[in-house]
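Take a look at the structure set out below.
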Amino acid sequence: MKSGEYVAATAEELATSTAADKVAGGVSHKVLFRRRGEIRFDGDMLTLRGWAGGQDLNLRSSRPGAADTDQQSSFISTSRSRR
């Protein structure tokens with residue numbers, strides 16, 4: 001298993017950010033990318049810990065086995081689970 005830290009935002013969150021948010025985001029990305037936590041990759045499962053309200057977001061590769069070799073591999077949401 002590999003792990004690290006993520007800093008993220010959804011497309012909707014970025015689309016609804018104000019002009020002032022975008023200017024402030026130039027100084028600190030924390031203004032625009034408010035989601036943070038541990039990311040884990042285990043085979044074909046990518047887990048974003050604490051994605052929404054203490055719930056994890058689990059993403060599974062749409063092509064099992066491809067995630068290890070294919071940089072274009074895509075992931076689909078499989079579940080949200082409590083920590």
Side-chain angles (χ1 to χ4, degrees):
M1 176 182 8
K2 297 178 183 179
S3 65
E5 298 294 317
Y6 73 86
V7 177
T10 65
E12 182 179 346
E13 290 166 346
L14 292 174
T16 58
S17 59
T18 66
D21 287 340
K22 292 174 185 172
V23 170
V27 176
S28 173
H29 67 274
K30 292 179 181 181
V31 174
L32 295 175
F33 299 91
R34 295 184 175 126
R35 296 176 186 259
R36 293 175 184 73
E38 180 186 11
I39 187 170
R40 292 181 179 177
F41 180 70
D42 191 8
D44 290 325
M45 180 71 77
L46 185 68
T47 301
L48 301 174
R49 303 282 314 245
W51 179 255
Q55 293 184 340
D56 297 346
L57 177 62
N58 297 309
L59 304 167
R60 185 171 300 280
S61 175
S62 61
R63 295 180 299 154
D68 291 329
T69 59
D70 185 358
Q71 294 177 353
Q72 299 287 324
S73 185
S74 59
F75 287 81
I76 55 174
S77 177
T78 59
S79 68
R80 287 189 176 156
S81 60
R82 290 240 175 238
R83 276 191 193 192

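Taken from OH in Tyr6 to CD1 in Ile39, the straight-line distance is 8.0 Å, to the nearest 0.5 Å. Taken to the nearest 0.5 Å, the OG1 atom of Thr47 stands 8.0 Å off from the CG atom of Leu57. Taking CG from Asp56 and CZ from Arg40, the interatomic distance works out to 8.0 Å, rounded to the nearest 0.5 Å. How far CZ of Arg49 is from CG of Asn58: 9.5 Å, rounded to the nearest 0.5 Å.
Under the 3.5 Å distance criterion, the side-chain polar atoms of Thr10 are matched with a main-chain donor or acceptor of Glu13. Between the Arg34 side chain and the Leu32 main chain, no donor and acceptor come within less than 3.5 Å of each other. Judged by distance alone, the side chain of Arg35 and the main-chain N or O of Ala8 form no donor-acceptor pair under 3.5 Å.
The minimum heavy-atom distance between Glu38 and Glu5, with the atom names listed, is N-OE1, 3.9 Å.
The hydrophobic cluster containing Trp51 does not contain Phe33, counting ILVMFWY residues as joined when their side-chain heavy atoms lie under 4.5 angstrom apart, directly or transitively.
Dense packing is recorded around NZ of Lys22, with more than 12 heavy atoms of other residues, nucleotides or ligands lying under 6.0 Å away.
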